[in-house]
Structure formats: C-alpha cells, structure tokens
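First the structure, in the form of structure tokens, and then the observations on it.
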Amino acid sequence: MTKDVMVTISGFHMSDGEEDTIEMVHIGEYYERNGTHYVLYEERLEGIAEPVRNRIRVKEHRLELQKRGPVTVNMVFEEEKHQSSTYAIPYGSFLMDTYTTKVEVLAEDDRMEVKASYELKVNGVRCASCDVRVLIQSRDTFRL
C-alpha cells in the first residue's frame, strides 16, 4: 500500500428498530511497522477551527481509533472484550462502553478493509448494536 491513502469510515447503528448510517471519506497517510498498520488523518468539525487528529491502528483482530484535539477518545475493538472510554467533545463528555463481538481484517496490496461489530452503552445505558467499516485504499486506486 502506498503512503497516500483514502480512508472511508462507515458506521451503522441499530437502536429500537431504527437504523442510522453515516459515512465519511478522508485523505490520510498509511504506514506499517512491525506487523501493525497505521493510518493518520485529520477531520474538520463545523464551527471549530482546530482539526481533530485521528490515528487508526490495526493488528490481527484488533482495531483502535484514537482522536485528539477538540474531540478526544481512544476506542479499542477486540473480539469478545469490553472497553470503556471517555468521549470528550467541546460541549462536554460522556462515558462510552463497548463490547466487541467480531473484528475482521481483509488486507490486499493496495487496500485494507476492517469491520467491527459491537454493542454500545453511553453513560451505562445500552444505546445500539453497531458495525463500523474502515476501508483504506491507495489514493491512485481510490473508487467510491
């Protein structure tokens, strides 16, 4: 995979019989070190000048998403494991608990796809069943 990549993040949430889907595409940088894959990218939030710096880390059946800046969180998705983190945004923060049921990593020469399924609780209350899909593609082969 090349250093210059496109990162597509898709989130699917099912709560009380209603589905919600969100998809974002970002320009990023990819590198691999000691069998761990890293992607760095920035995202801009409406009305906030400072960008959110993001790092995705993938190793075997583990996906980690770290955000720094006006939004901070460190989310880890690892099969059959619970994880708690504080999700801080400019307007306040909340406790987020996840229980990951499945993590799949499909790697090819110029693309990598990571899927995680998890249950989400916010401040101790079950909110949704979720799936996240991270697609990392070399910029020169990027297709929506």
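When the side chains of ILVMFWY residues are joined at heavy-atom separations under 4.5 Å, either directly or via intervening members, Met14 and Val122 end up in two distinct hydrophobic clusters. Under the 4.5 Å side-chain heavy-atom criterion for grouping Ile, Leu, Val, Met, Phe, Trp and Tyr, Leu135 is not connected to Val103 through any hydrophobic cluster. Under a hydrophobic clustering in which Ile, Leu, Val, Met, Phe, Trp and Tyr are joined whenever their side-chain heavy atoms come within less than 4.5 Å, directly or via other members, Val25 and Val114 fall into different clusters. Leu65 and Phe12 fall into different hydrophobic clusters, where Ile, Leu, Val, Met, Phe, Trp and Tyr side chains are chained together by heavy-atom contacts under 4.5 Å. Val52 and Met75 fall within a single hydrophobic cluster, where Ile, Leu, Val, Met, Phe, Trp and Tyr side chains are chained together by heavy-atom contacts under 4.5 Å.
Between the CE atom in Met6 and the CD atom in Gln137 there is a gap of 8.5 Å [rounded to 0.5 Å]. Residue Asp110 holds its CG atom at 12.0 Å from CD1 of Ile136, rounded to the nearest 0.5 Å. Separating the CZ atom in Arg62 from the OG1 atom in Thr36 is a distance of 9.5 Å, to the nearest 0.5 Å. Going from atom CZ of Arg68 over to atom CZ of Arg53 covers 8.5 Å, rounded to the nearest 0.5 Å. Atom SG of Cys127 is separated from atom CE of Met96 by 10.0 Å, given to the nearest 0.5 angstrom. Note that CZ of Phe142 is 11.0 Å distant from CZ of Arg111, once rounded to the nearest 0.5 Å.
Between Tyr87 and Phe94, the angle of the ring planes stays under 30°, which puts this pair in the parallel group of the 30/60° scheme.
For Val71 against Pro90, the heavy-atom pair with the smallest separation is CG2-CD, 4.4 Å. Residues Cys130 and Leu120 come closest through the heavy atom pair SG-CB, 3.9 Å. Heavy-atom minimum distance, Ala88 versus Ser93: CA-CB, 3.8 Å. Taking every heavy atom of both residues into account, Gly69 and Glu50 meet most closely at CA-OE2, 3.7 Å. Summarising the geometry of Ala107 relative to Met112, their closest heavy-atom pair is CB-CE, 4.0 Å, with the distance given to 0.1 Å.
A donor-acceptor distance shorter than 3.5 angstrom exists from the side chain of Arg44 to the backbone of Ala49, with no hydrogens or angles considered. A donor-acceptor pair is defined here as one N or O able to donate and one able to accept, closer than 3.5 Å; no such pair exists between the side chain of Glu113 and the backbone of Leu106. Of the possible polar contacts, none joining the Asn54 side chain to the Glu42 backbone as a donor-acceptor pair under 3.5 Å is found. Although no hydrogens or angles enter the test, the distance criterion places no donor-acceptor pair under 3.5 Å between the side chain of Ser138 and the main chain of Asp140.
Annotation for Tyr38: hydrophobic cluster partners, listed by chain and number, are Tyr31, Leu40 (ILVMFWY side-chain heavy atoms under 4.5 Å, direct or chained).
Using modelled atom types and a 3.5 Å distance limit, the side chains of Glu79 and Thr100 yield no donor-acceptor pair.
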Requested in this report: Check the pair Lys67 / Glu43 against side chain to side chain contact (heavy atoms under 4.5 Å, CB included), numbers first and verdict last.
Outcome: CA-CA 10 Å; Lys67 293 179 174 285; Glu43 63 183 304; 2.4 Å; yes
Query raised in the report: Does the side chain to side chain contact (heavy atoms under 4.5 Å, CB included) test come out yes or no for His82 and Asp97, once each step is laid out?
Result: CA-CA 7 Å; His82 288 273; Asp97 292 305; over 6 Å; no
Report task. Could you please spell out the steps behind the side chain to side chain contact (heavy atoms under 4.5 Å, CB included) verdict for Ile22 and Asp20? Result -> CA-CA 7 Å; Ile22 187 167; Asp20 185 28; 5.8 Å; no
Query - Check against side-chain hydrogen bond (donor to acceptor under 3.5 Å, both in side chains), Gln83 and Tyr99 - result: CA-CA 7 Å; Gln83 196 257 342; Tyr99 176 73; over 6 Å; no
Report task. Using the side chain to side chain contact (heavy atoms under 4.5 Å, CB included) rule, take Val132 and Leu63 through it: C-alpha gap first, then chi angles, then the decisive distance, then the call. Result -> CA-CA 10 Å; Val132 65; Leu63 168 65; 4.1 Å; yes
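Taking 4.0 Å as the cut-off between side-chain N and carboxylate O, Glu64 and Lys59 do not count as a salt-bridged pair.
Contact check for Val134 versus Val39: no side-chain heavy atoms found under the 4.5 Å cut-off.
Atom CG of Asp109 has 12 or fewer neighbouring heavy atoms from other residues, nucleotides or ligands inside a 6.0 Å radius. The number of heavy-atom neighbours closer than 6.0 Å to CD of Glu80, taken from other residues, nucleotides and ligands shown, is above 12.
Under the rule for a ring-ring contact (aromatic ring centres under 6.0 Å, His included), the partners of His26 that lie at least two apart in sequence or sit in another chain are Tyr41.
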